[in-house]
4 protein chains.
Amino acid sequence: MNIGFFHDRAQGANKRQRTRAAMLDATVRLVAQKGMAALRINDITEEAGLANGTFYNHFSDKDEVLLEAALGIAAEVSRQLDTDMTEIDDAPSRVVTATRRFINIVLAEPDWAALLISGTEHLPQLRDDASQYLRADLERGVAQGRFEIEVSGFLLKQILALIQVAVSSQLLAGLDARQTDQTCEAILRMLGLTPADARRLCASA
Amino acid sequence: MNIGFFHDRAQGANKRQRTRAAMLDATVRLVAQKGMAALRINDITEEAGLANGTFYNHFSDKDEVLLEAALGIAAEVSRQLDTDMTEIDDAPSRVVTATRRFINIVLAEPDWAALLISGTEHLPQLRDDASQYLRADLERGVAQGRFEIEVSGFLLKQILALIQVAVSSQLLAGLDARQTDQTCEAILRMLGLTPADARRLCASA
Amino acid sequence: MNIGFFHDRAQGANKRQRTRAAMLDATVRLVAQKGMAALRINDITEEAGLANGTFYNHFSDKDEVLLEAALGIAAEVSRQLDTDMTEIDDAPSRVVTATRRFINIVLAEPDWAALLISGTEHLPQLRDDASQYLRADLERGVAQGRFEIEVSGFLLKQILALIQVAVSSQLLAGLDARQTDQTCEAILRMLGLTPADARRLCASA
Amino acid sequence: MNIGFFHDRAQGANKRQRTRAAMLDATVRLVAQKGMAALRINDITEEAGLANGTFYNHFSDKDEVLLEAALGIAAEVSRQLDTDMTEIDDAPSRVVTATRRFINIVLAEPDWAALLISGTEHLPQLRDDASQYLRADLERGVAQGRFEIEVSGFLLKQILALIQVAVSSQLLAGLDARQTDQTCEAILRMLGLTPADARRLCASA
DNA sequence: GATGAATGAGTATTCATTCAT
DNA sequence: AATGAATGAATACTCATTCAT
């Protein structure tokens, strides 16, 4: 049970890094299965095929391993999200593209989706990271005269909540492109676009 | 430390009911303070001024007391919410009124807000109850030709998520009527109203 | 394995006090057997015939139970030591009587001797208590013109060290009245009495 | 952090000896700082600037390194103590000189003092070594008709206890020549000298 | 020899639950 | 019904020791 994102990333690294990666991957799997609250240190090491004491050679406590796992996954999602975004200029298109991509990226790795869903409440850092990009696109849309809104932290929370609904819903019930479309439309409507414009911009490939 | 919603409701009832009420109120206060995960049985009885063993004379475990507390609060919120709703016919007005009222009712008792926020993840029943009323109003709006949507469970989740954002945001940062207005507007926009119509219907008294 | 000083003292008290006493007695026995460093919580409860968790219903940690056990024993020793001391006026006789009695009292209960020996390093309070009485007798002897010394904390430490040597030596090798006599003589010599006077005052009954 | 008695002694020796010396010095420093009970293997190697596994290339366990460190220090103290002792014939003078020197030697290196103080309880060997020299001087004093005592193991323990009081007191409160004087006087009084003779022989330079 | 990561037995501590009073 | 002491399984964490590199 050693495969996983951190394992892949630690290929060729020294033993310490590979052991660490095994525990990070185990953490991701376990949080996805049972949630953060039910995460136990012994489960992590067992899932990673290690002795319990090994955990403390690498992390000082549960929070530390959780934070590192979540930030690692978030960074990877962020990396995949950024691809070719510079080519898109139109703010509504940027928002739709980012939203759809984010949803698809995390649902392609359900463990990531589950981890990030669990993490948003406890790890404000995750939310903050995501907010940076989104805020820029919202301001771009205002500047382009496309969004009829005032950019605020509260608005960001609203949009992120809608995205979270899309992810958690599909995580439970399976992939459903219509829900992703509907999420994009809802966001654009919230931002002031007409239902017709929103529909047009969100129509799946 | 015996006052609280359940205590009031048990005025004049027999001793068993009053003891039970004390623990329910204690549960509400403690969940509001520290969250569900940190809730301990001994804390409940101590907060209620009772001996720890008394808990098991009334509840079989933590989930039971939590469920009963949350449903009790939810029923009361629902009761307050219903007042005079029959006089409102216009679907968008119904949605706005219900949303605004709900937010104000729970924020008037921050412990209720905190409990319901904590509870939505773990107690699907809460969500389902709220959905009933909302679904009816959405269908009414479709029938009236005011909403440009398809009513679905997913749409209900989206709207409830926006309401939850409003509640949790104001629970942390203090009451802010503009956030409530903005939430109502966002919901109406999502439902297909124009920004102008949404604005008009949501302007605070 | 419930008999012991604290058990006797808790006769007729409520269950809580009796359980507490059982753990205090267990602590005394275990420290006497293996020393303070080797004391484990589980050993205490096992020796007391209780479940491990019970410890924490009564004490917050090892230090607390140790302190309470040591102070309880010390208070009892002190109580036994005081008997009829008011009848003795002559300072050298007081010192000799107190020294001899102390040694005999604690050696009559070897566990007490062992506990107090172990405790002196870690529990300065024990040493301080003993010092009070001794200091008074030394000052009396100076006032009576019998001791050729200056009373100081350092002098008290010297005398207590000699007493400790007597106790620990007899604890290991068995009772030996000559060592007690020799200790009394050494103390009187240290205080300025001639060897002849010291010998005379210390001759065992 | 490599300097220390064993480091100096291993100058010019092979690497194995120097590595060993680094751990012995680290042990001395750590015991002085925190006591024997709190000594951890990893702390020793870290303090010595080595990898933890290295410890077991040189010592089989904690007791071994402690014993070697203590005996090494004790041998050095003994060496310094012996200088010019052959020139002193008078037994009381020998005892006073040895006592004063011992106290000054160990307090000149507070780590040594702390180590030896910690060690006396657990390492009977240390006590035995010291006893050899002292016993000879006591017997000399008896033969010279200067001491009014019977030489015994118990008497040796008494004298060593007084020396230990002097060392630990000054270790805590700082050097105080009067305490050393007082210790010498107390020992001579114990050995049967008159207070006046004791005073005369112990007056500090 | 030195390294340092891994090991796992040992120990402390918490807390839901039981039950005699 | 209420009490509150006792229970013991669950869990976290430490650290001496081993061993492959």
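Numbered from 1 within each chain, the chains take letters A, B, ... in sequence-line order.
- Rounded to an integer number of Å, the gap from A:Y56 OH to E:dG8 C1' is 13 Å.
- Along DNA chain E, the nucleotide nearest to B:K62 and the one nearest to D:R16 differ in position, and the one closer to the 5' end is contacted by D:R16.
- Computed from coordinates, the A:N52 CG to F:dT14 P distance equals 12 Å when rounded to whole Å.
- Using a distance-only test at 3.5 Å, with no hydrogens or angles considered, no donor-acceptor pair links the side chain of B:D8 to the main chain of B:I3.
- Between B:T19 and F:dA2 there is a side-chain polar atom (N or O) within less than 4.0 angstrom of OP1 or OP2.
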Atom pairs and distances, donor-acceptor, side-chain atoms in residues 31-43 of chain A, under 3.5 Å, two or more places apart:
{"from": "A:R40", "atom 1": "NE", "to": "A:D43", "atom 2": "OD2", "distance (Å)": "3.3"}
{"from": "A:R40", "atom 1": "NH2", "to": "A:D43", "atom 2": "OD1", "distance (Å)": "3.1"}
{"from": "A:R40", "atom 1": "NH2", "to": "A:D43", "atom 2": "OD2", "distance (Å)": "2.8"}

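- Protein atom CG of A:N57 is 13 Å distant from nucleotide atom P of F:dC15, rounded to whole Å.
- The side chain of D:H58 contributes no N or O atom lying less than 4.0 Å from OP1 or OP2 of E:dG1.
- Residue contacts shown for D:I44 are absent, as no nucleic acid heavy atom lies under 4.0 Å away.
- The 5' end of DNA chain F is approached more closely, in terms of each residue's nearest nucleotide, by B:G53 than by the other of C:G53 and B:G53.
- By the neighbour-count criterion of 12 heavy atoms within 6.0 Å, atom CD of A:Q17 is densely surrounded, having more than that number from other residues, nucleotides or ligands.
- One can place CG of C:N42 at 12 Å from P of E:dG10, the figure rounded to the nearest angstrom.
- What separates CG of B:L66 from C1' of E:dA16 is a distance of 14 Å, to the nearest Å.
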Open item on the list: Expected output check: what is the dot-bracket annotation of DNA chain E, where ( ) and [ ] are pairs inside the strand (brackets for crossing ones), | is paired with another strand, and pairs are Watson-Crick or G-U under 3.5 Å?
Closed with: .||||||||||||||||||||
- [ ] Evaluate the criterion salt bridge (charged side-chain N to carboxylate O under 4.0 Å, His left out) for residue pair D:R9 and D:E76; output intermediate values, then yes/no.
- [x] CA-CA 10 Å; D:R9 208 179 59 174; D:E76 171 63 12; over 6 Å; no
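- Between D:F55 and B:S60, the residue whose closest nucleotide on DNA chain E is further toward the 5' end is D:F55.
- Computed from coordinates, the A:D63 CG to F:dT11 C1' distance equals 15 Å when rounded to whole Å.
- In this structure, the CD1 atom of C:I41 is 15 Å from the P atom of F:dT7, given to the nearest Å.
- Within the 3.5 Å criterion, the main-chain N or O of B:F5 finds a donor-acceptor partner in the side chain of B:D25.
- A:L24 contributes atom CG, which lies 10.5 Å from atom CZ of A:R29 (distance to the nearest 0.5 angstrom).
- Taking atom CD on A:E46 and atom P on F:dA12, their separation rounds to 13 Å, with Å as the unit.
- With C:V28 as the partner, the side-chain contact (heavy atoms from CB on, under 4.5 Å) test is satisfied by one option alone out of C:L66, C:V65, C:D111: C:D111.
- The residue among C:T54 and A:T54 whose nearest nucleotide of DNA chain F lies closer to the 5′ end is C:T54.
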